[in-house]
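Have a look at the structure below before the remarks.
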Amino acid sequence: MENELRRGPVTGVWVVMVKNGTPIEDILDEWERKRPLPLTDIQPCPFCEGKEKETPPEIMAFREGGIPNGPGWKVRVVPNKSPILQIHGELDGKAIGIYDKLRGIGAHEIVIETPRHDRTLATMDDKEVENVLWAYRGRVNDLKRDPRFRYILVYKNYGSLVGASIKHSHSHIVATPVTPRRIKEELEGSRIYYKRKERCIFCDIIREEIKSGERIILEDNHFLCFAPFASIYPFQFWIIPKAHEVFFEMNESYNLLAPMLKEILGKIVKGLRDPDYIFVIHSGPNLEAKRGRQYWQTLQDDFHWHIEIMPRVRSLTGFEIGAGFHLNPVPPEDAALYLRGVS
């Protein structure tokens, strides 16, 4: 069976689909043999209920009772003790010859998703997952009021291989003064497609995936979960609203999104033997930022928010790192078929 090259329609990234016929179970067996030890369970855990004084003072919390920075919460948001970017100060942009430099200004917050140490997004009930999504919305909308921040990224590291250092279920929100390269590629690719066809490329992808059906994992009246045609990683999936929506933080259908997110994460944990994974929310940029960009002119028509989920079941090769070509040994059609069969 011949390998093939596939081009991602949004970013233009090429991926080699490796069609060597290796069974998925063999791929998972090989990764388990190579996989490092799982994340060490730190005790006492600073994110557990009753340990609130071990984190910085909370920025936001959903509570059933109690007082701020005390027990009784459902979801809690705190500043990161070791932030990627610092909240205080001005950007102070400078040129150093041909180089550009900004101060490391931004924000980095931790969303502690549950007071229970033994729960994850895959094992919480639907309402608990919905509360996490509402917390994301609240913090993103608040951070967007700061004109220094051009983009706010929500992401989750699950497992030590993708950067998690504490086992207790949590995720990150980072505000940046520049648009991250991956987001910029999507924004510009969407703008170029809209300029050429006067249609949203994501809406066209949704129509094509529903028509084909072979890469769909889950579907309801509001959301679609599928493996992208040019999946960069094995078992990479997107969750995307069927209606055209630019901003995740403007959505209010989290009661409908939560069950699908929980189910696909449960399928990944069970079907792929609890792998490390990343999920990230790609939403529209901050329109209140001081410095504008051309792609904002048609943003309301050309961009479409989505969640990307990327399990880690293999290591990158020198070819991938050196050439920028990705090798995917599990074509998206096979990945979708496999996970559809996981109850």
One thing to verify: whether R139 and E249 come together as a salt bridge, which I'm taking to mean a side-chain N less than 4.0 angstrom from a carboxylate O.
no
Indicate whether any N or O donor in one side chain lies under 3.5 Å from an N or O acceptor in the other, for Y193 and D204.
yes
Treating Ile, Leu, Val, Met, Phe, Trp and Tyr as nodes and any side-chain heavy-atom pair under 4.5 angstrom as an edge, say whether V246 and I192 lie in one connected cluster.
no
Can you tell whether the side chains of K74 and E128 come within less than 4.0 Å, N to carboxylate O?
no
Identify whether L337 and I27 are in the same connected component of the hydrophobic contact network (ILVMFWY, side-chain heavy atoms under 4.5 Å).
no
May I ask you to check whether F279 and Y155 place their ring centers less than 6.0 Å from one another?
no
Within a strict 4.5 Å, meaning less than it, do heavy atoms of the P177 and L85 side chains meet?
yes
Residue pairs involving residues 77-87 (criterion side-chain hydrogen bond (donor to acceptor under 3.5 Å, both in side chains); sequence neighbours excluded)
N80-H108
Close side-chain approach of R314 and P234, heavy atoms under 4.5 Å:
yes
Determine, for K156 against E113, whether the closest basic-nitrogen to carboxylate-oxygen distance falls under 4.0 angstrom.
yes
Should the pair R6 and F229 be classed as cation-pi, given the thresholds of under 6.0 Å to the six-membered ring centre and 45° from the axis?
yes
Atom CG in D126, atom CD in E263: separation rounded to 0.5 Å?
9.5 Å
Taking every non-hydrogen atom, the tightest pair across D146 and N286
O-ND2, 3.5 Å
Linking I/L/V/M/F/W/Y whenever their side-chain heavy atoms sit closer than 4.5 Å, directly or via other members, would M250 and I183 fall into one cluster?
yes
If we check salt bridge (charged side-chain N to carboxylate O under 4.0 Å, His left out) with K19, which of these qualifies: E2, E4, E333?
E4
Does E25 come within less than 4.0 Å of R273, counting only side-chain N to carboxylate O?
yes
Would you call K197 and D302 a salt bridge, using N to O less than 4.0 angstrom?
no
If the plane angle is over 60° it's perpendicular, under 30° parallel, otherwise tilted; pick one for W134 and Y254.
perpendicular
In the structure I gave you, are the side-chain heavy atoms of W31 and S315 within less than 4.5 Å of one another anywhere?
yes
dist T298:OG1 -> Y194:OH (nearest 0.5 Å) comes out at 6.5 Å
Tell me whether K144 forms a cation-pi arrangement with F247, defined as NZ or CZ under 6.0 Å from the six-membered ring centre and within 45 degrees of its axis.
yes
As an exercise, state the distance from CG of D274 to CG of L265, rounded to the nearest 0.5 Å.
11.0 Å
Starting from V16, walk the hydrophobic network (Ile, Leu, Val, Met, Phe, Trp, Tyr; side-chain heavy atoms closer than 4.5 Å) and list everyone else you reach, by chain and number.
L5, W14, V18, F319, F325, L327
Are E252 and R137 close enough for a salt bridge, meaning some N to O gap below 4.0 Å?
yes
For a 4.5 angstrom cut-off between non-hydrogen side-chain atoms, does Y151 reach V174?
no
Side chain to side chain donor-acceptor pair (under 3.5 Å) between N141 and Y136, worked out:
CA-CA 9 Å; N141 279 324; Y136 293 162; over 6 Å; no
Dump the intermediate steps for side chain to side chain donor-acceptor pair (under 3.5 Å) on K267 and S343, then the final yes or no.
CA-CA 7 Å; K267 283 176 175 286; S343 61; over 6 Å; no
If hydrophobic clusters are built by linking Ile, Leu, Val, Met, Phe, Trp and Tyr wherever their side-chain heavy atoms come under 4.5 Å apart, do V269 and L121 end up in the same one?
no
CD1 of I240 to NE2 of H282: how many Å apart, nearest 0.5 Å?
12.0 Å
Salt bridge check, E308 against R182: does any charged N sit closer than 4.0 Å to a carboxylate O?
yes
K127 bridged to D125 by N-O distance under 4.0 Å
no
Quick one: are I110 and F47 in side-chain contact, heavy atoms under 4.5 Å?
yes
Specify whether H304 and F202 have parallel, tilted or perpendicular ring planes, treating 30° as the upper limit for parallel and 60° as the lower limit for perpendicular.
tilted
Identified side-chain contact (heavy atoms from CB on, under 4.5 Å) partner of I205 from the options R207, E209, E208
E209
